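Please read the structure below before turning to the comments.
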Amino acid sequence: MGNMDGKTVEELSTTECHQWYKKFMTECPSGQLTLYEFKQFFGLKNLSPAANKYVEQMFETFDFNKDGYIDFMEYVAALSLVLKGKVEQKLRWYFKLYDVDGNGCIDRGELLNIFKAIRAINRCKETMTAEEFTDMVFDKIDINGDGELSLEEFMEGVQKDEMLLDILTRSLDLTHIVRLIQNDGKNPHESEQEAEAA
């Protein structure tokens with residue numbers, strides 16, 4: 001079972017848990033989600049190599065026990081963390097996600113590549129380019145100027161800067177995924193359009 005960094009199953013509403021379980025078991029009857037199924041589950045197709053790398057990194061951060069699968073408890077923990085976790089919990093997870101090579105620091109290249117991939121998947125409506133965002137992050141929070149962000153620099157810097165926190169939070173907003181789960185895989189806007197056409 002995965003380590004639950006977000007809310008526990010008990011803290012979720014019964015309805016949420018039921019919806020998440022139904023979606024999970026429909027898409028993954030074995031109870032263990034592989035990377036391929038993870039991509040199918042969230043409708044991630046025809047990804048660029050950078051976006052694909054990001055999805056693989058996200059999968060690995062959600063696979064808390066590192067067995068190559070995401071089980072239902074890890075799935076709930078991951079969604080709870082991303083959707084309902086406290087700012088500090090989310091920032092730790094963002095850092096882990098951005099630290100692609102796992103060396104304990106984020107360099108410019110890692111941040112730039114991940115941010116580009118996030119934008120490709122989430123279709124963010126940011127006016128700032130990924131390069132400008134990366135430069136801004138390092139200008140604002142790379143205290144010692146070594147071109148790398150430690151966990152401490154990242155946590156402290158982002159929490160002190162509302163604009164950075166807001167951009168990071170928006171870029172990793174997964175509420176559209178929750179809406180798909182709640183609507184049995186259908187886009188809620190499509191359901192409204194179908195109802196109007198009938």
Side-chain angles (χ1 to χ4, degrees), residues 2-8 11-13 16 20 42 44 47-48 50-51 53-64 70 74-182:
N3 175 21
M4 307 269 285
D5 288 337
K7 283 190 167 193
T8 62
E11 292 176 87
L12 296 171
S13 76
E16 279 178 315
W20 291 8
F42 294 116
L44 304 172
L47 299 174
S48 69
K53 182 81 179 143
Y54 164 70
V55 170
E56 288 173 15
Q57 181 74 5
M58 183 181 278
F59 181 86
E60 287 173 23
T61 63
F62 287 162
D63 179 15
F64 296 113
I70 295 176
E74 288 169 326
Y75 167 74
V76 168
L79 280 178
S80 297
L81 170 64
V82 173
L83 299 171
K84 300 174 181 225
K86 293 180 176 68
V87 171
E88 194 167 304
Q89 291 171 312
K90 286 183 179 184
L91 288 177
R92 284 183 189 282
W93 179 74
Y94 293 166
F95 184 86
K96 194 174 173 184
L97 188 62
Y98 292 144
D99 182 15
V100 177
D101 62 11
N103 71 348
C105 291
I106 302 169
D107 63 38
R108 283 180 183 268
E110 286 174 322
L111 185 62
L112 179 62
N113 288 336
I114 289 289
F115 204 70
K116 281 180 177 176
I118 289 169
R119 284 189 159 178
I121 291 167
N122 278 354
R123 293 167 191 86
C124 295
K125 294 166 185 72
E126 294 293 336
T127 54
M128 193 181 305
T129 67
E131 290 80 4
E132 289 169 336
F133 174 75
T134 301
D135 289 342
M136 183 181 75
V137 168
F138 276 86
D139 290 346
K140 287 185 173 205
I141 64 177
D142 184 14
I143 308 295
N144 60 8
D146 65 354
E148 293 186 327
L149 300 175
S150 67
L151 177 62
E152 294 75 30
E153 281 177 312
F154 182 77
M155 297 280 291
E156 247 179 74
V158 173
Q159 287 183 79
K160 285 180 184 172
D161 192 307
E162 284 294 317
M163 189 168 106
L164 274 182
L165 184 59
D166 184 53
I167 292 171
L168 283 175
T169 304
R170 276 199 323 263
S171 71
L172 286 168
D173 179 15
L174 300 180
T175 52
H176 63 287
I177 290 171
V178 173
R179 281 194 208 102
L180 283 174
I181 293 169
Q182 291 170 336

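Fair warning: this is a prediction, and the values are worked out from it, not measured in the lab. Starting from 1, each residue takes its place in the sequence as its number.
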Open item on the list: Walk me through whether W93 and M58 qualify under side-chain contact (heavy atoms from CB on, under 4.5 Å).
Closed with: CA-CA 10 Å; W93 179 74; M58 183 181 278; 4.0 Å; yes
Task: Minimum heavy-atom distance between F64 and A77, given as atom pair plus value - done: CE1-CB, 3.6 Å
Task: Close side-chain approach of F115 and T129, heavy atoms under 4.5 Å - done: no
Task: Approximate separation, where rounding is to 0.5 Å, of E131 CD and D135 CG - done: 8.0 Å
Task: Residues that E56 engages under side chain to side chain donor-acceptor pair (under 3.5 Å), provided they are two or more places apart - done: N52
- [ ] Please work out whether the ring planes of F154 and Y98 are parallel, tilted or perpendicular, with thresholds of 30° and 60°.
- [x] perpendicular
Open item on the list: If you compare all heavy atoms of M155 against all heavy atoms of L91, which two are closest, and at what distance to 0.1 Å?
Closed with: SD-CB, 3.5 Å
Task: Contact check, side chains of E148 and I106, non-hydrogen atoms, under 4.5 Å - done: no
Task: Inter-residue atom distance E110.CD - L97.CG, 0.5 Å rounding - done: 10.5 Å
Task: Set of salt bridge (Lys or Arg N to Asp or Glu O under 4.0 Å) partners for K160, sequence neighbours left out - done: E156
- [ ] Taking ring-ring contact (aromatic ring centres under 6.0 Å, His included) as the test, write out the residues that go with F138, two or more places apart.
- [x] none
Open item on the list: As an exercise, state the distance from OH of Y94 to NZ of K90, rounded to the nearest 0.5 Å.
Closed with: 5.0 Å
Open item on the list: Quick one, M136 and M163 - any side-chain contact, counting heavy atoms below 4.5 Å?
Closed with: yes
- [ ] Quick one: do E74 and F62 satisfy side-chain contact (heavy atoms from CB on, under 4.5 Å)? Show the steps, please.
- [x] CA-CA 6 Å; E74 288 169 326; F62 287 162; 5.8 Å; no
Task: NZ (K140) with more than 12 external heavy atoms under 6.0 Å - done: yes
Task: Distance-minimising heavy-atom pair for S150 and C105 - done: CA-SG, 4.4 Å
Open item on the list: If I take atom NZ from residue K116 and atom CD1 from residue I114, how far apart are they, to the nearest 0.5 angstrom?
Closed with: 12.0 Å
Task: D161 side chain to L165 backbone, donor-acceptor under 3.5 Å - done: no
- [ ] Would you please test K53 and N113 for side-chain contact (heavy atoms from CB on, under 4.5 Å) and show each step?
- [x] CA-CA 9 Å; K53 182 81 179 143; N113 288 336; over 6 Å; no
Task: Point-to-point distance, once rounded to the nearest 0.5 Å, from CZ of F59 to CD1 of I70 - done: 4.5 Å
Open item on the list: When you compare the side chain of N144 with that of E153, does any pair of heavy atoms fall below 4.5 Å?
Closed with: yes
- [ ] Indicate yes or no: at least one non-hydrogen side-chain atom of R108 is less than 4.5 angstrom from one of L111.
- [x] no
TODO: Answer whether the closest heavy-atom distance between the side chains of L168 and V158 falls below 4.5 Å.
DONE: yes
TODO: Measure the CG-CG distance between D107 and L149 for me, rounded to the nearest 0.5 Å.
DONE: 9.0 Å
